[in-house]
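Comments concern the structure below.
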Amino acid sequence: TSVVSSLNPSVFGQTVTFAATVKSSASGIYGTVTLKDGMNALATKTLKNGSRTVIFGTSTLSVGSHSITAVYNGYGNNLGSTSPVLTEKVNKAATSTSVVSSLNPSVFGQTVTFTATVKSSTSGTPAGTVTFKDSATTLGMGTLVGGKALVATSKLSKGTHSIAVAYGGSTSYVGSTSLVLTQRVN
């Protein structure tokens with residue numbers, strides 16, 4: 001039994017396809033193959049019509065190294081066998097961060113809400129916190145919910161403000177910083 005990956009290294013949230021192949025001197029191979037990550041079974045598939053290969057797809061592997069094996073469970077005159085370990089490396093997914101203003105330009109004393117959006121380069125929604133800054137001054141922090149966070153302030157002085165948001169990243173996602181939003185306060 002052998003196993004190969006369609007994408008190695010991969011990125012968190014990407015679908016990785018593993019192809020497990022069973023070879024035998026018998027004319028047809030029957031039975032089931034189990035794909036494992038270490039000791040954990042990810043899925044079991046049946047070899048159909050004497051096919052020697054089954055395909056497994058997953059997008060749920062966490063960031064880090066995974067010890068992938070394919071286990072042929074044996075059938076009839078064929079003994080079971082286990083593939084050599086395939087080390088699948090999963091890297092953090094890249095992100096992009098943006099920020100918008102609820103009111104631009106605004107008037108001194110008005111409440112302005114800044115909304116940050118963090119998107120992943122793959123499927124999935126980043127979690128964690130973002131920091132809202134007005135140049136070097138921190139306006140506040142927000143926790144991402146559904147990839148969004150916001151901060152509201154009525155304390156912006158008259159003039160032009162350079163608003164940016166920094167996402168600190170998480171165990172699965174790389175951090176990123178937004179482009180600068182120019183906020184005008186009249």
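The figures here come from the full heavy-atom set of this structure, side chains too, leaving out hydrogens, waters and symmetry mates. This structure is a prediction, so every number in the text was calculated from the model and none was measured.
Between S98 and L179, the closest side-chain pair of non-hydrogen atoms is not below 4.5 Å. With a 4.5 Å cut-off on side-chain heavy atoms, K36 and T34 count as touching. Here the side chains of V99 and T97 are not in contact, with every heavy-atom distance at 4.5 Å or above. Using a 4.5 Å cut-off on side-chain heavy atoms (C-beta onward), T117 and K148 make contact. Side-chain atoms of L47 and V54, non-hydrogen and from C-beta on, do get closer than 4.5 Å to each other. Inter-residue side-chain proximity for L144 and Y167 is flagged as met; some heavy-atom pair is nearer than 4.5 Å.
Atoms CD1 and CZ, on I163 and F132 in that order, are 10.0 Å from each other to the nearest 0.5 Å. One finds the CD1 atom of I68 at 10.5 Å from the CZ atom of F56 (value rounded to the nearest 0.5 Å). Atom-to-atom distance recorded for Q183:CD and L156:CG is 6.5 Å, nearest 0.5 angstrom. How far CD of Q14 is from CG of L61: 11.0 Å, rounded to the nearest 0.5 Å. A distance of 9.5 Å separates OG1 of T69 from CG of L86, quoted to the nearest 0.5 Å. Of the inter-residue distances, the one linking L181 atom CG with H161 atom NE2 reads 11.5 Å to the nearest 0.5 angstrom.
Partners of T60 by side chain to side chain donor-acceptor pair (under 3.5 Å), not counting sequence neighbours, listed by chain and number: T58. Qualifying side chain to side chain donor-acceptor pair (under 3.5 Å) partners for S24, counting only residues two or more places apart in sequence or in other chains: N78. Shown here are the side chain to side chain donor-acceptor pair (under 3.5 Å) partners of S81, two or more places apart in sequence or in another chain: T1.
Both F12 and V16 are assigned to one and the same hydrophobic cluster, defined by single-linkage of ILVMFWY side chains at heavy-atom distances under 4.5 Å. Taking hydrophobic clusters as Ile, Leu, Val, Met, Phe, Trp and Tyr residues chained together by side-chain heavy-atom distances below 4.5 Å, V4 does not share a cluster with L35. Placement of V118 and L150 in two distinct hydrophobic clusters is found when ILVMFWY residues are connected by side-chain heavy-atom separations under 4.5 Å, directly or transitively. When the side chains of ILVMFWY residues are joined at heavy-atom separations under 4.5 Å, either directly or via intervening members, I29 and V71 end up in two distinct hydrophobic clusters.
When all heavy atoms of F18 and S5 are compared, the closest pair comes out as CE2-CB, 3.8 Å. Nearest heavy-atom pair, S10 versus E88, reported as atom, atom and distance to 0.1 Å: OG-OE2, 3.1 Å. Considering all non-hydrogen atoms of both residues, P84 and V3 come closest at O-CG1, 4.2 Å. The two atoms that bring T95 and V174 nearest to each other are OG1-O, 2.7 Å, heavy atoms only. In plain terms, the two heavy atoms of V63 and S172 that are nearest each other are CG2-CA, 3.7 Å. Minimum heavy-atom separation, N8 to K89: OD1-N, 3.0 Å.
Using cut-offs of 30° and 60° on the angle between ring planes, the pair Y30 and Y75 is tilted.
Side-chain polar atoms of S176 and S96 form no donor-acceptor pair below 3.5 angstrom. Judged by distance alone, the side chains of S2 and S83 never bring a donor and an acceptor atom under 3.5 Å apart. S120 and T122 share a donor-acceptor pair across their side chains, judged by distance under 3.5 Å alone.
Judged by distance alone, with hydrogens and angles left aside, the side-chain atoms of T138 form no donor-acceptor pair with the main-chain N or O of G140 at under 3.5 Å. The closest donor-acceptor contact from the side chain of S123 to the backbone of G13 lies under 3.5 Å. Judged by distance alone, with hydrogens and angles left aside, the side-chain atoms of K119 form no donor-acceptor pair with the main-chain N or O of G147 at under 3.5 Å. Remark: side-chain polar atoms of T46 are not paired, donor with acceptor, to backbone N or O of K48 under 3.5 angstrom. Listed for the S135 side chain is no donor-acceptor partner under 3.5 Å among the backbone atoms of T137. Under the 3.5 Å distance criterion, the side-chain polar atoms of T32 are left unmatched by any main-chain donor or acceptor of N73.
Screening D37, T87, N40 for a side chain to side chain donor-acceptor pair (under 3.5 Å) involving H66 leaves a single residue, D37.
Applying the 6.0 Å contact sphere to CG of N77 captures no more than 12 heavy atoms from other residues, nucleotides or ligands.
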